[in-house]
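Input: a single structure, listed below in structure tokens.
Scope of the values below: all heavy atoms of this structure, side chains included, with no hydrogens, waters or symmetry mates. Keep in mind that what you see is a predicted model, and the values were worked out from it rather than measured.
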Amino acid sequence: MHKRFVNHCTIQLTLKPDGPILIKSGREGADPTKPDMEFVDTYHDGRRSIYLPGSSLKGAIRAHAERIVRTVGSDRRPDEPEKLWASDPLDDRDKKNNPNNYLEEWKKDEKKKDAKDRHPFPGAELYRQSCFATQLFGSTSVASRLRIEDAYPKPGSLKLEERNGVAIDRVFGSVAVGPFNYQVCTAGEFTTKIHLKNFTLAQLGLIGLVLRDLNDGWFGIGFAKSRGLGTVSVTLKNAVVQYPGCKLDDKGGFLTLNESKTWSQPTLLGAGEFIGEDHTNYGFQLDEQPVEPNGMTKMDLGLGVQLSFDNEEDIKQKLFTTAVNAWKTLIPVGRSA
């Protein structure tokens, strides 16, 4: 599936601390004037600055996405791969429930077979056997469909503080470790982008639910989340959904470049709409939902079409609500994405 590029969604958003946040750098310098735990930093726009790494944001988003899937589905691998579930890629004890193990075993078994007996679509089968979370975020056998850029702060918006803490002995109630000090960010405006490629509408809907919960404070990012750190507010700036293999028609609709499929109005389309009969190999649904974007225009250089959502209300009500409706169809029957 990653050999083709059928749809793409870019969501630009801003993260603002609702309280102190800290993503530790993982190193301790020799300068005694600096705190024991420093915020991760890098060079950006010609100066040294703290930032929110995309890997940290993706880890927090994936963890909560898995919670949502397990809540409405299952945390165990079912007999039918089409059932809605989320595996545990960190559990080495239950290898049948860890995609980094059972998918690797399937690939090894395939290599042992004669060429004529091997699966005709191994990539599709690996995807189909993966849980919903792995299909979106990837594993060692399945590439991720989601990418998150590092979040850099708006110049002049940061406020950094230094705090002190201790670790308490749970038995005696005395100080076990410390005192120690750590750096936190209490104000700032961090801008990032989330990119989804070859996505289904249900996958886009799940990302919308995760961003909603992050804004509501259901989970946080970084260090010491159970001690009051890590909560942020989310502001959705704009979103663009692109179909690089389509073109506009003269009647306000659009169609594929080979004119095999047409749509008479602006429509939100999942990957299954573009891959023909191959959608059954991946377990894709044929999902399309009419939307009311601010405009349907050509992509840069005149090839491809795109839907634009230019404010938070449109992103929530038109883009994410439409995608969540597709997500909800999976829950009663537990179908694959």
**Message:** One pair to check against side-chain contact (heavy atoms from CB on, under 4.5 Å): V241 and F309. What are the steps and the verdict?
**Reply:** CA-CA 9 Å; V241 178; F309 306 85; 4.2 Å; yes
Please tabulate, one pair per line, all N/O donor-acceptor pairs under 3.5 Å involving side-chain atoms of residues 212-219, not counting sequence neighbours.
from	atom 1	to	atom 2	distance (Å)
D213	OD2	H64	NE2	2.8
N215	OD1	V234	N	2.8

**Prompt:** Are I315 and L209 connected, step by step, through hydrophobic side chains (Ile, Leu, Val, Met, Phe, Trp, Tyr) whose heavy atoms are closer than 4.5 Å?
**Reply:**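 I315 and L209: one cluster.
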Near [X] [atom1], under 6.0 Å, is it more than 12 heavy atoms from other residues, nucleotides or ligands?
{"X": "R47", "atom1": "CZ", "answer": "yes"}
{"X": "K237", "atom1": "NZ", "answer": "no"}
{"X": "K298", "atom1": "NZ", "answer": "no"}

**Prompt:** Between S56 and I221, does a side-chain contact (heavy atoms from CB on, under 4.5 Å) hold up when you go through it step by step?
**Reply:** CA-CA 7 Å; S56 298; I221 59 175; over 6 Å; no
I'd like to check the side-chain hydrogen bond (donor to acceptor under 3.5 Å, both in side chains) partners of [X]; sequence neighbours left out, ordered by chain and number.
{"X": "K58", "answer": "S144"}
{"X": "T10", "answer": "H8, H195"}
{"X": "D88", "answer": "none"}
{"X": "N100", "answer": "T140"}

**Item:** W106 vs S141, side-chain contact (heavy atoms from CB on, under 4.5 Å): CA-CA, chis, key distance, verdict
**Value:** CA-CA 10 Å; W106 185 87; S141 298; over 6 Å; no
What distance separates [X] [atom1] from [Y] [atom2], expressed to the nearest 0.5 Å?
{"X": "L236", "Y": "L211", "atom1": "CG", "atom2": "CG", "value": "6.5 Å"}
{"X": "R145", "Y": "N7", "atom1": "CZ", "atom2": "CG", "value": "9.0 Å"}
{"X": "L84", "Y": "F132", "atom1": "CG", "atom2": "CZ", "value": "6.5 Å"}

Do [X] side-chain atoms and [Y] backbone N/O form a donor-acceptor pair below 3.5 Å?
{"X": "Q183", "Y": "F39", "value": "yes"}
{"X": "N258", "Y": "S260", "value": "yes"}
{"X": "Q12", "Y": "N238", "value": "no"}
{"X": "N311", "Y": "D314", "value": "yes"}
{"X": "R163", "Y": "P20", "value": "no"}

**Carboxylate-amine/guanidinium proximity below 4.0 Å for R62 and E66** = yes
**Prompt:** Hey, are E110 and K113 close enough for a salt bridge, meaning a charged N less than 4.0 Å from a carboxylate O?
**Reply:** yes
**Request:** Please go through L303's hydrophobic cluster and name the other residues, only I, L, V, M, F, W, Y counting, with side-chain heavy atoms under 4.5 Å joining them.
**Result:** L257
**Message:** With side-chain contact (heavy atoms from CB on, under 4.5 Å) as the criterion, how do I23 and Y51 come out once you've worked through the C-alpha distance, each side chain's angles and the decisive distance to 0.1 Å?
**Reply:** CA-CA 9 Å; I23 298 180; Y51 73 108; over 6 Å; no
